[in-house]
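Worksheet: one structure, shown below.
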Amino acid sequence: MDILEVLTKKLNSPQADAVLTAQGPLLILAGAGSGKTRVLTHRMAALIASGKCAPEEILCVTFTNKAAREMESRIYHLLTEIGATVRTQLWISTFHSFCLRVLKKHITLLDYKPGFSIFDPGDQLAQIKKVMAAQNINDKIHPAKNFQSRISTAKMMGLSPDKVQKSTGMTLMDPKSLEVYTQYEVEMKRNNALDFDDLLLKTYELFQMYPAVVEELQDHFRYIMVDEYQDTNHIQYLIVQKLAEKHRNICVVGDEDQSIYSWRGADIRNILDFEKDFPEAKIIKLEENYRSTKNIVTAATHVIKNNSLRKDKTLFTQNHDGDPIRIIEERNEYEEARYIVKTILKLSAEGEGQYSDFAVFYRTNAQSRVLEEQLRTQSVPYKIVGGVRFFERMEIKDMICYMKLCMNPADDMAFKRVINVPTRGIGKTTVEKLEELSAEHKKPLLACLPLAIDQKHFNSGTTAKLRRFLDLATELRSDAQNFKLSDFYHILLEKTGYALGLKKEDTPESLARLENLEEFDNAIAQFEQERSDESSLQTFLEEMALVSDQDSLKEQVNSVTMMTLHISKGLEYPFVFIVGMEENLFPSRVDPSDLGSDDLEEERRLAYVGMTRARQKLWLTYAKTRKVWGQEQMNPPSRFIKEIPQELVEFKSFANFSTAGFANRFITQAQTSKPKYRDDFDQSFPDYDSDSQVDPGSALYSKGQKVKHPTFGTGTVFTVEGSGDQTKVSVLFADQTIKKFVVKYARLERV
């Protein structure tokens, strides 16, 4: 048996075809759970083992560091199994990591200095606020985050300030935003810093300005492979097109049904139009799901087929049927959370799984609060993915900024963060005067300190404090160059007095912060162990800047995992709850007259992604009432629930135990050969709250009465409660939202 036969013997026919197709453009449409990572790793191993190319001639790009590490490990394992050896490092990385490697080699061509800083979103926002202050722009009238969003969008589209200005009919930026963007770029250059979007944009600008650099990379990478191609934005698309232009050996893998990131620039057209970019492309569909039960796969397939922006493929599986999809109706979000926690405890006690087997997904981060309360009440351990990340905590950011300043003395954002941390009596006024000096002499803040000291711009006390900080910064910069990273970190904590200050505070908060600093020490030690020859301070800071939410997951911790649906993509769990399955929450508010809108289709793709994360059991839950911004709202169940075939579901409602006859409206397939799921489900919501205390003497409003509200428009009253000043009405509006009002204050008008 030859090498290729060994590599493909355990693959199905389409998977093997994809692995063996080496030349020319290749589009692999990989449905959820269809083994796309398996195909990518086997294909790369096949290219290397068959001698078609050297390992370093393949560039494989994916979207998280975790995925890149997993793929690299699998490929080394595959090659070892078949007796092949790889003596060079494989080029498997994220887009940002790849571009960073390119820029580190060629950054001087763009008039930047080596050792540039990478600004995180917080640093970027601070820089924008500095520009706004210089231009006398009021942050309350023009929020800095709006400018940040517009700048990021422009960069994802490959547009520098000059290109934005030259674009005809360009509505991306108003003149004020363009002015901020232009000056922001000037300040970033002065700081010798790039933001996260710059890593891609500056790489593409390098390609445009220096064709020789592109040609060098094209000759180096004869084969290009791109994972999760449906998630690429325009600038990533442009970079890939440039790299693949010469040899056209480009293989992209993706699933348009899982394109859920348009809000951060992902363009579904990149995968839908691949054949237009490469007319000679071969298309292979991976449609067999190996992850989930047949009921879950069938349910998800029926939901996603309602979309129009998709390729013609149908997911299927040979796995067993499994349990029905459980659709749970609860009275409110608190009862919904209690049901979820109770179910987790019950199944865990019965030995069906441990806590780490359960995941709870929600549409918005705000939904986690009630769930957290119930989990804590029942002492169920949990972790939230996508909350405040470890590397964004105050003490960790402080340490990273000290390190950044040691690497890049021109980093003004790092300077401003640490000049008075720990407190050393250097206040805001002093920093503002330093900034004036910096602007006058066109020098970074740190470089202005000797000038301020020698020319006595401050009183003797402030001058002494600035001199001590300058000496400290100079010492630390020398230490960073002369000690290994872990030793330097201990020196940094000692010389700055940071750790000692927290110990002296001796409060629960300060001790928790010390624990975080200790965990940071562990992270540095782990980094040195994994990187050995490349464990420099610069490399460490680069990796910290590129870490993502999924990269920080600790799979060995036995706790329930909670996250938004957007973060769930690429993960899988035996048991999954998707909560808040209500109109105007999930899908989020969409125009009811535009049911085929792109926004709605992306919401449906998000539902598909969430459903296909489940391997064994899936729960979809919704509440009859839910507080939103302090107001009780009543929304119909999500349309996505109603798109699941009735024979695949099992209903359970709080009303089964409190309202006579209600259970008959949720009869399952197991109980009758002619289930009345669809009609009864559609009709169940307006009948809710039939036991409310209706005031029969109310002359103003009655069920069915047409009313008009100055904000929400025209609607229909379907419940009336209380009497006199306490009379409340619930109104169903045209967008299918139900809102409850106290009549006395509601400004309702009878139509």
Side-chain angles (χ1 to χ4, degrees), residues 4 7-8 11-47 50 52-53 58-63 71 221-234 236-261 266-291 297 300-301 304-317 569-570 601 605 608-609 612:
L4 294 181
L7 284 172
T8 57
L11 305 180
N12 64 32
S13 181
Q15 288 175 335
D17 190 12
V19 168
L20 297 175
T21 301
Q23 302 301 123
L26 173 63
L27 170 60
I28 303 175
L29 295 171
S34 62
K36 72 174 179 64
T37 303
R38 184 183 182 90
V39 169
L40 275 174
T41 52
H42 280 67
R43 186 176 188 273
M44 194 165 177
L47 286 170
S50 63
K52 287 186 170 62
C53 63
I58 307 171
L59 172 64
C60 182
V61 187
T62 186
F63 273 79
M71 288 175 65
F221 299 115
R222 292 172 48 221
Y223 291 86
I224 312 291
M225 297 168 67
V226 184
D227 190 15
E228 305 285 11
Y229 193 61
Q230 78 282 346
D231 292 336
T232 51
N233 60 30
H234 188 62
Q236 291 164 338
Y237 166 83
L238 293 174
I239 289 170
V240 168
Q241 293 291 309
K242 277 286 187 185
L243 292 173
E245 198 172 50
K246 185 171 184 178
H247 296 291
R248 299 180 76 79
N249 291 326
I250 177 171
C251 167
V252 302
V253 184
D255 180 8
E256 78 287 355
D257 289 335
Q258 297 185 68
S259 179
I260 59 173
Y261 296 125
D267 191 346
I268 193 172
R269 292 174 300 177
N270 293 348
I271 191 167
L272 293 176
D273 295 343
F274 184 79
E275 301 98 309
K276 293 181 182 178
D277 295 325
F278 299 95
E280 73 274 32
K282 180 175 181 177
I283 302 171
I284 297 174
K285 299 177 184 178
L286 305 182
E287 299 171 291
E288 183 171 357
N289 177 286
Y290 293 93
R291 176 189 299 151
V297 169
T301 299
I304 199 62
K305 74 178 183 181
N306 290 283
N307 274 5
S308 58
L309 289 173
R310 61 188 304 264
K311 300 281 189 178
D312 180 23
K313 70 178 189 302
T314 302
L315 206 62
F316 70 93
T317 186
K569 195 166 82 68
E601 293 216 350
R605 291 195 290 270
Y608 174 79
V609 165
T612 53

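Computed over heavy atoms, backbone and side chain alike; hydrogens, waters and symmetry mates excluded.
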May I ask you to test the [X]-[Y] pair for a side-chain heavy-atom distance under 4.5 Å?
X	Y	result
Ser34	Asn289	no
Asp231	Lys569	yes
Leu29	Ile284	no
Leu11	Thr8	yes
Val253	Val226	no
Gln236	Phe63	yes
Phe274	Arg269	no
Val252	Ile250	yes

Between [X] and [Y] (salt bridge meaning N to carboxylate O under 4.0 Å), is one present in this structure?
X	Y	result
Lys311	Asp255	no
Lys282	Glu275	no
Arg310	Asp257	yes

If you look at every heavy atom in [X] and [Y], which pair is closest and at what distance?
X	Y	answer
Arg605	Ser259	NE-O, 2.6 Å
Leu315	Gly31	CD1-CA, 3.8 Å
Asn12	Gln15	OD1-N, 2.8 Å
Thr612	Val609	OG1-O, 3.1 Å
Leu59	Phe221	CB-CD2, 3.6 Å
Arg43	Cys251	NH1-CB, 3.5 Å

Problem - side chain to side chain contact (heavy atoms under 4.5 Å, CB included) between Ile58 and Met225, intermediate numbers included - result: CA-CA 8 Å; Ile58 307 171; Met225 297 168 67; 3.9 Å; yes

Give a yes-or-no answer on whether the side chains of [X] and [Y] include a donor-acceptor pair shorter than 3.5 Å.
X	Y	value
Ser308	Glu601	yes
Tyr223	Gln23	yes
Tyr237	Asp277	yes
Asn270	Thr232	yes

Interatomic spacing from [atom1] in [X] to [atom2] in [Y] - rounded to 0.5 Å:
X	Y	atom1	atom2	result
Asn249	Ile224	CG	CD1	9.0 Å
Ile28	Thr21	CD1	OG1	8.0 Å
Tyr608	Ile260	OH	CD1	12.0 Å
Leu243	Arg222	CG	CZ	15.0 Å
Leu26	Phe278	CG	CZ	11.5 Å
Lys36	Thr41	NZ	OG1	10.0 Å

Completion exercise
Contacts of Lys285 meeting side chain to side chain donor-acceptor pair (under 3.5 Å) (sequence neighbours excluded), chain-then-number -> none

Problem - Working for side chain to side chain donor-acceptor pair (under 3.5 Å), residues Asn233 and Tyr261 - result: CA-CA 9 Å; Asn233 60 30; Tyr261 296 125; over 6 Å; no

Practice task
Starting from the C-alpha separation in whole Å, work towards a yes-or-no answer on side chain to side chain donor-acceptor pair (under 3.5 Å) for Glu228 and Gln230.
Solution key: CA-CA 5 Å; Glu228 305 285 11; Gln230 78 282 346; 2.7 Å; yes

Exercise for the section: Under the salt bridge (charged side-chain N to carboxylate O under 4.0 Å, His left out) rule, what do Arg248 and Glu280 come out as? Steps first, then yes or no, please. Expected result: CA-CA 10 Å; Arg248 299 180 76 79; Glu280 73 274 32; 2.8 Å; yes

Exercise for the section: With side chain to side chain contact (heavy atoms under 4.5 Å, CB included) as the test, would you mind laying out the steps for Met44 and Leu40 before giving the verdict? Expected result: CA-CA 6 Å; Met44 194 165 177; Leu40 275 174; over 6 Å; no

